[in-house]
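Take a look at the structure set out below.
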Amino acid sequence: MPKINGTAYLLQVGGTALPDQTEGSISLSMETRDITTKSSAGFRELAESTRSGSISVSGLVDDGGSDALSTLMTSYAARTSVSVIFGLDAASGTDPEHNFTCSTAYVTSLEASGATEDNVTYSATLELSGAIVIDTTAE
């Protein structure tokens with residue numbers, strides 16, 4: 001089975017891949033509830049609770065006006081949610097399997113930086129709200 005090339009793994013906002021991405025990651029977690037009782041023989045017992053996720057992305061800033069920083073800043077400034085897909089971009093020609101989809105995400109952190117004689121870059125974190133679905137079936 002071929003391995004997935006990370007170059008094709010992108011964050012898509014509203015169905016469009018953010019341009020000039022250099023890195024991206026998704027983190028999923030589940031909180032637990034303590035259900036330890038006196039009959040637990042001194043061992044802690046846990047049960048499932050709330051699941052959550054966040055996506056971090058970074059890339060280069062383009063001064064053309066349609067860059068990722070502008071897209072993310074618009075959502076951040078308006079405090080509006082965006083729909084996201086994190087995974088294989090359909091334009092890569094690869095079946096979009098292993099895509100994480102969430103219909104509601106909020107930009108909770110946004111940073112832009114530039115050093116002397118270096119590229120201007122951005123980084124952002126999006127917190128996911130509601131169901132997070134992973135598609136593991138090749139189309």
Side-chain angles (χ1 to χ4, degrees):
M1 175 177 212
K3 305 300 182 221
I4 299 171
N5 184 333
T7 303
Y9 224 57
L10 301 170
L11 173 62
Q12 299 171 54
V13 173
T16 302
L18 292 178
D20 303 317
Q21 293 177 54
T22 57
E23 293 182 67
S25 64
I26 187 168
S27 176
L28 303 176
S29 61
M30 182 179 69
E31 295 178 21
T32 56
R33 299 176 288 130
D34 189 334
I35 58 169
T36 306
T37 65
K38 291 181 180 183
S39 60
S40 297
F43 291 95
R44 183 172 75 152
E45 294 185 53
L46 301 172
E48 76 288 341
S49 187
T50 308
R51 294 175 289 177
S52 62
S54 64
I55 295 173
S56 296
V57 65
S58 60
L60 303 176
V61 176
D62 182 358
D63 65 356
S66 63
D67 64 310
L69 181 60
S70 298
T71 300
L72 295 168
M73 184 60 193
T74 299
S75 174
Y76 173 81
R79 296 181 176 187
T80 56
S81 67
V82 294
S83 63
V84 295
I85 299 172
F86 183 75
L88 294 173
D89 183 13
S92 70
T94 309
D95 286 328
E97 58 182 313
H98 302 291
N99 285 356
F100 297 87
T101 303
C102 187
S103 61
T104 306
Y106 293 93
V107 178
T108 58
S109 171
L110 186 58
E111 179 179 322
S113 62
T116 303
E117 297 300 323
D118 202 357
N119 295 319
V120 176
T121 61
Y122 74 90
S123 61
T125 302
L126 292 90
E127 294 292 329
L128 308 180
S129 176
I132 304 163
V133 178
I134 182 169
D135 177 6
T136 58
T137 58
E139 295 180 0

How far does [atom1] of [X] sit from [atom2] of [Y], to the nearest 0.5 angstrom?
{"X": "Glu127", "Y": "Ser52", "atom1": "CD", "atom2": "OG", "answer": "7.0 Å"}
{"X": "Asn99", "Y": "Ile134", "atom1": "CG", "atom2": "CD1", "answer": "8.0 Å"}
{"X": "Leu128", "Y": "Ser54", "atom1": "CG", "atom2": "OG", "answer": "6.5 Å"}
{"X": "Glu23", "Y": "Ser56", "atom1": "CD", "atom2": "OG", "answer": "10.0 Å"}

Cluster overlap [X] with [Y], hydrophobic side-chain contacts below 4.5 Å:
{"X": "Val133", "Y": "Leu28", "value": "no"}
{"X": "Ile26", "Y": "Leu88", "value": "yes"}
{"X": "Ile55", "Y": "Val13", "value": "yes"}

field: With sequence neighbours excluded, residues passing salt bridge (charged side-chain N to carboxylate O under 4.0 Å, His left out) with Glu48
entry: Arg33
Give the table of side-chain donor-acceptor pairs shorter than 3.5 Å for residues 100-107, with sequence neighbours excluded, one pair per line with atom names and distance.
none

- line: Shortest non-hydrogen pair, Leu18 vs Ala68, comes out as CB-CB, 3.8 Å
task: Could you list the residues that satisfy side-chain hydrogen bond (donor to acceptor under 3.5 Å, both in side chains) with Asp34, not counting sequence neighbours?
output: Thr36
- prompt: Is a side-chain donor or acceptor of Gln21 paired with a backbone partner of Leu11 at a separation under 3.5 angstrom?
  reply: yes
Contacts table for residues 74-85: side-chain donor-acceptor under 3.5 angstrom, sequence neighbours left out:
{"from": "Thr74", "atom 1": "OG1", "to": "Ser70", "atom 2": "O", "distance (Å)": "2.8"}
{"from": "Ser75", "atom 1": "OG", "to": "Thr80", "atom 2": "O", "distance (Å)": "2.7"}

field: side-chain contact (heavy atoms from CB on, under 4.5 Å) against Leu60, all qualifying residues, sequence neighbours excluded
entry: Asp20, Thr22, Asn119, Thr121
- line: Hits for side-chain contact (heavy atoms from CB on, under 4.5 Å) against Leu69, two or more places apart or cross-chain, chain-then-number order -> Val61, Asp67, Leu110, Ala112, Tyr122
